[in-house]
Amino acid sequence: MKFEKDDWVRSARVGAKGSFVGQVKEVLDGDEYVVRDDDCKRWLRKGSELTRANPKADNDNERADQRARMQHWRL
């Protein structure tokens, strides 16, 4: 799968860095991408380690909805 600059992607777990949602900042030769995470750190990832993701705001809203549903079940 090919990604463009500014696409939102989810990185698979690689080494000590767990899965994260980030934004493609650079597309390098071949199938490599520079992805920025929540901490503004940049990571080099191969295309095979990435999948499409919703923009971070949508992911945060989804997590908030999940927390609200869990709270509802605890009542």
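Bear in mind the structure is a predicted one, so any value in this text is a computation, not a measurement.
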Distance-minimising heavy-atom pair for [X] and [Y]:
{"X": "Ser19", "Y": "Ser11", "answer": "OG-O, 2.8 Å"}
{"X": "Val27", "Y": "Lys5", "answer": "CG2-N, 4.0 Å"}
{"X": "Val9", "Y": "Ala53", "answer": "C-CB, 3.6 Å"}
{"X": "Tyr33", "Y": "Lys2", "answer": "OH-CA, 3.6 Å"}

Just verifying a value: how many Å separate [X] [atom1] and [Y] [atom2], rounded to the nearest 0.5 Å?
{"X": "Glu49", "Y": "Lys17", "atom1": "CD", "atom2": "NZ", "value": "13.5 Å"}
{"X": "Leu50", "Y": "Asp7", "atom1": "CG", "atom2": "CG", "value": "10.0 Å"}
{"X": "Asp6", "Y": "Lys25", "atom1": "CG", "atom2": "NZ", "value": "5.0 Å"}

* Asked: Quick one: do Phe3 and Trp43 end up in the same hydrophobic cluster if we chain Ile, Leu, Val, Met, Phe, Trp and Tyr together by side-chain heavy atoms under 4.5 Å apart?
  ->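 Phe3 clusters together with Trp43.
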* Asked: Within a strict 4.5 Å, meaning less than it, do heavy atoms of the Glu4 and Val24 side chains meet?
  ->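 No. Closest side-chain heavy atoms not under 4.5 Å.
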* Which is it for Arg42 and Glu26 under the side-chain contact (heavy atoms from CB on, under 4.5 Å) test, yes or no, and what are the steps along the way? -> CA-CA 10 Å; Arg42 292 174 180 251; Glu26 291 181 59; 4.0 Å; yes
* Is the backbone of Asp39 close enough, under 3.5 Å, to the side chain of Asp37 for a donor and an acceptor to pair up by distance? ->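 Such a contact is found between Asp37 side chain and Asp39 backbone.
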